[in-house]
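Have a look at the structure below before the remarks.
Since this is a predicted model, take the numbers as computed values, not measurements. In what follows, chains carry the letters A, B, and so on, assigned in the order in which the sequence lines appear, proteins first and then strands, with residues in each chain numbered from 1.
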2 protein chains.
Amino acid sequence: MPFTYEYARPALTVDCVVFGLDDEDLKVLLIQRDLEPFAGRWALPGGFVHVDETIDQAARRELAEETGLTKVFLEQLYTFGGVDRDPRERIVTVAYYALVRLLDHKVQAATDARNAAWFAIDDLPKLAFDHQGIVDAALARLQGKVRYQPIGFELLPPKFSLTQLQRMYEIILDRELDKRNFRKKVLSLEILDELDEVEQDVAHRAARLYRFDERNYRQLAREGFNFEI
Amino acid sequence: MPFTYEYARPALTVDCVVFGLDDEDLKVLLIQRDLEPFAGRWALPGGFVHVDETIDQAARRELAEETGLTKVFLEQLYTFGGVDRDPRERIVTVAYYALVRLLDHKVQAATDARNAAWFAIDDLPKLAFDHQGIVDAALARLQGKVRYQPIGFELLPPKFSLTQLQRMYEIILDRELDKRNFRKKVLSLEILDELDEVEQDVAHRAARLYRFDERNYRQLAREGFNFEI
DNA sequence: CCAAAAGTGTTCTCCATACACCCATGC
DNA sequence: GCATGGGTGTATGGAGAACACTTTTGG
C-alpha cells in the first residue's frame, strides 16, 4: 500500500563501519553490491530505516541481515546529509561504527549469501557512494575515543595478554608504545583481572592472560578516563 | 504535486540547541509552539529537512527563519530516532548545537514574530517532545568539548577581559577556577592578542582587553589542545 | 644453547595545583 | 580612604616519557 506525502522527503538509511582486529591490521567489513548504482563495488553494510524501529534497531537489524553479526558494540557516529550522496534520490544516512572480535566472525562473513569480506583499513578498495568519507570519520572517532574510554577492549578475545592489548593500541593509533610504560599505565587503571592462565602453544615464554574486571571496567567506561598512552 | 512511496518513511527534521552566555548563566534559546501537538509549550527551534538542501543548510535555514540568527557557530550533535518521539508520526531529528554572543541577539529574539526567549539552562520550562533530552546531550557535549577545543570563544564578544573568559569557563563547567592558574594556562596557549585597550565604565581598575589571535586560534582548533582547567 | 618474547625500575622533566598579597581606579 | 576587582610568583606533587637488561620457555 503506497503512501502519499505533500512534499518530497529525504529517505533515511543507516550504514555501519564494522571494525575488526587481527595480528597485523585494523580491518573493516565490507559488502559487495549486487545492484545498481555501484553494482560490484564494495560498500558499508546498511539499509533503509523502517517506520516502526528506532535507528539503533535499524543498524542492528541491517548488520544481522547482511553480515550475521549480533550483540556487537555499536555506537552512533555522525549523520551524513549531502544532497548528492546517492545518484538515485535524496538519501540521508545515519552512520554507526561497531567493534567486533574478528576471529569470532572471520568465517561467517565469508560464507554469507552476499559477498562480504574484511579489508585492512589502509588498503580499502574504491568504495560506493561517500562511504570512504564515512570510514575516515569512523577511524578518527575510534582513535580519539580510545584515549579516554576503554572501548577498544571490544576488539579482543575475552582472555588476552598485555602484549595483545598493547598491539591493539599500536594498531589503532598507528604508532609504537613503550612496553614498560604501557603496562604500568594499564595496570594502574585496575580494570584487568590477572588470571592463573597463560598463552598456549607459543614457541617462547608464555604470557600471562588477563580478563576485564567487568565492574571497574563499566564504571570507568561511564566516567571516562585519561589514557594518554 | 504529492509524492508516492512504496513503504512508509520516517520524516526528517533538524533541531538546534542555541547556547548564549550572560554574566550569570548559560542560556538556551527556545521558541513557543503555536500549533498542536504541545501548543503553548516551549521547544527547540527546528523543522523539516527539504529534499534540495543538506542537513547543515536545513539547520541554518530553520535557525534564521525562527530566530533571525545567521553566521553562528553550528555543529552537529546527535541524531535522535526514537519511535514515539512525535505523537503524530514517525520523525527522526538531527540535532545541532550553536554558540552565539547573547548580547548581540537578545533583542532580536524577543521581538521576533514568533515568541522566542532565552532561558537559563538549569531553569528551563517543561519542553515539548524529547527536547529536554536533546538539551542535556548538548550540554554534555559542550562541557566535554570545551576542554580540548577552543570553541567556547564563540560565546564572547570580540574583545574581552581574562576575567570574562574565566567566568565563561566557570559557567559552562559549573565549578570555580583558580585565577592565577587560569591566566597562566590560557596565556601559554598563545591564542590571545593583548590589546592596548581596557574596559570602560567600571567602578574599579579597568581590565585589559584581549582578542583571539585568528591564525593560532584556527590552528589550535584543528589540532585540538589540552585545556585541563 | 639459541631464539623469541615476557617481564621488570629508576630518573628526569613538565605541568597541574595550591595558595595570598599589592595595585589601580572610581566614588 | 575605601571598596572593588585586576594583576602577579613560587613551591610541591604526580604523571608521562625515556631507557636496557634478565628471565622463561620451546625447539
Side-chain angles (χ1 to χ4, degrees), chain A residues 22-24 143-144 146-148 150 156-157 159-171 173-211 220 223-229, chain B residues 22-24 144 146-148 150 156-157 159-171 173 175-211 220 223-229:
Chain A
D22 66 13
D23 290 340
E24 288 143 35
Q143 289 179 333
V146 92
R147 288 160 167 274
Y148 60 95
L156 292 179
K159 299 173 182 180
F160 52 88
S161 67
L162 293 183
T163 301
Q164 276 182 288
L165 186 61
Q166 179 177 343
R167 194 87 190 92
M168 181 194 78
Y169 275 95
E170 290 179 333
I171 289 172
L173 297 175
D174 199 23
R175 64 191 173 89
E176 297 200 341
L177 302 173
D178 179 86
K179 184 162 62 163
R180 278 169 295 190
N181 292 338
F182 180 84
R183 285 166 183 243
K184 207 184 317 171
K185 175 76 188 187
V186 80
L187 290 176
S188 75
L189 293 174
E190 299 188 326
I191 52 174
L192 299 185
D193 274 343
E194 186 175 317
L195 302 177
D196 288 327
E197 290 179 66
V198 294
E199 283 179 311
Q200 300 299 318
D201 304 316
V202 288
H204 53 80
R205 176 172 175 180
R208 177 175 292 277
L209 295 180
Y210 291 80
R211 188 175 48 194
L220 214 59
E223 294 173 0
F225 67 141
N226 186 14
F227 206 93
E228 273 301 329
I229 9 182
Chain B
D22 67 13
D23 289 340
E24 288 145 34
V146 91
R147 288 160 166 273
Y148 61 93
L156 293 179
K159 299 174 183 181
F160 51 88
S161 68
L162 293 183
T163 299
Q164 276 182 289
L165 186 61
Q166 179 176 345
R167 194 87 190 91
M168 180 193 79
Y169 275 95
E170 288 179 333
I171 289 172
L173 298 175
R175 65 190 172 90
E176 297 199 340
L177 301 174
D178 180 86
K179 183 161 63 164
R180 278 170 294 188
N181 293 338
F182 179 84
R183 286 166 182 242
K184 207 186 315 171
K185 176 75 187 185
V186 79
L187 291 175
S188 76
L189 293 173
E190 299 188 326
I191 54 175
L192 298 185
D193 274 345
E194 186 174 318
L195 302 178
D196 288 327
E197 292 180 65
V198 294
E199 285 178 312
Q200 300 299 320
D201 303 317
V202 287
H204 52 79
R205 177 175 174 179
R208 178 175 292 276
L209 295 180
Y210 291 81
R211 188 174 50 192
L220 214 59
E223 294 172 0
F225 68 141
N226 185 14
F227 206 94
E228 273 302 328
I229 5 183

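- In this structure, B:Gln166 places its CD atom 14 Å from P of D:dT8, rounding to the nearest Å.
- Within the 4.5 Å cutoff, no side-chain heavy atoms of B:Asp23 are placed close to those of B:Arg167.
- Here the side chain of B:Asn181 is nearest to one of C:dT10, C:dC19, D:dC19, namely C:dC19.
- Here C:dA6 presents its P atom at 10 Å from CD of A:Gln164, a figure rounded to the nearest Å.
- The 12-atom threshold is not exceeded at CZ of A:Arg211, counting heavy atoms of other residues, nucleotides or ligands nearer than 6.0 Å.
- Each of C:dT8, C:dA24, C:dA5 was ranked by its minimum atom distance to the side chain of A:Arg183; first place goes to C:dT8.
- Among the atoms of the strands shown, none is found under 4.0 Å from any heavy atom of A:Ser161.
- When distances run from any side-chain atom of B:Ala207 to the nucleotides D:dG7, D:dT10, C:dT10, the shortest one goes to D:dG7.
- Nearest-nucleotide positions on DNA chain C place A:Ala203 closer to the 5' end than the other of A:Ala203 and A:Lys179.
- Atom NE2 of B:His204 is separated from atom C1' of D:dG5 by 5 Å (rounded to the nearest Å).
- If you measure from atom NZ of A:Lys185 to atom P of C:dT8, you get 19 Å, rounded to the nearest angstrom.
- Among the protein residues, B:Arg208 comes within range of the sugar-phosphate backbone only, with heavy atoms under 4.0 Å from sugar or phosphate atoms but none that close to a base.
- The side chain of A:Lys184 approaches C:dT10 more closely than any other nucleotide in the set D:dT25, C:dT10, C:dA16.
- Heavy atoms only, all atoms of each residue included: B:Val198 and B:Gln200 are closest at O-NE2, 3.1 Å.
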Take B:Glu170 and B:Arg175, measure what salt bridge (Lys or Arg N to Asp or Glu O under 4.0 Å) needs, and give me the verdict at the end.
-> CA-CA 5 Å; B:Glu170 288 179 333; B:Arg175 65 190 172 90; over 6 Å; no

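- In this structure, the nucleotide among C:dT8, C:dG7, D:dG7 sitting nearest to the side chain of A:Arg180 is C:dT8.
- Atom P of nucleotide D:dG16 and atom OH of A:Tyr148 are separated by 18 Å, given to the nearest angstrom.
- The side chain of B:Asp178 has C:dC19 as its nearest neighbour among C:dC19, C:dT25, C:dT8.
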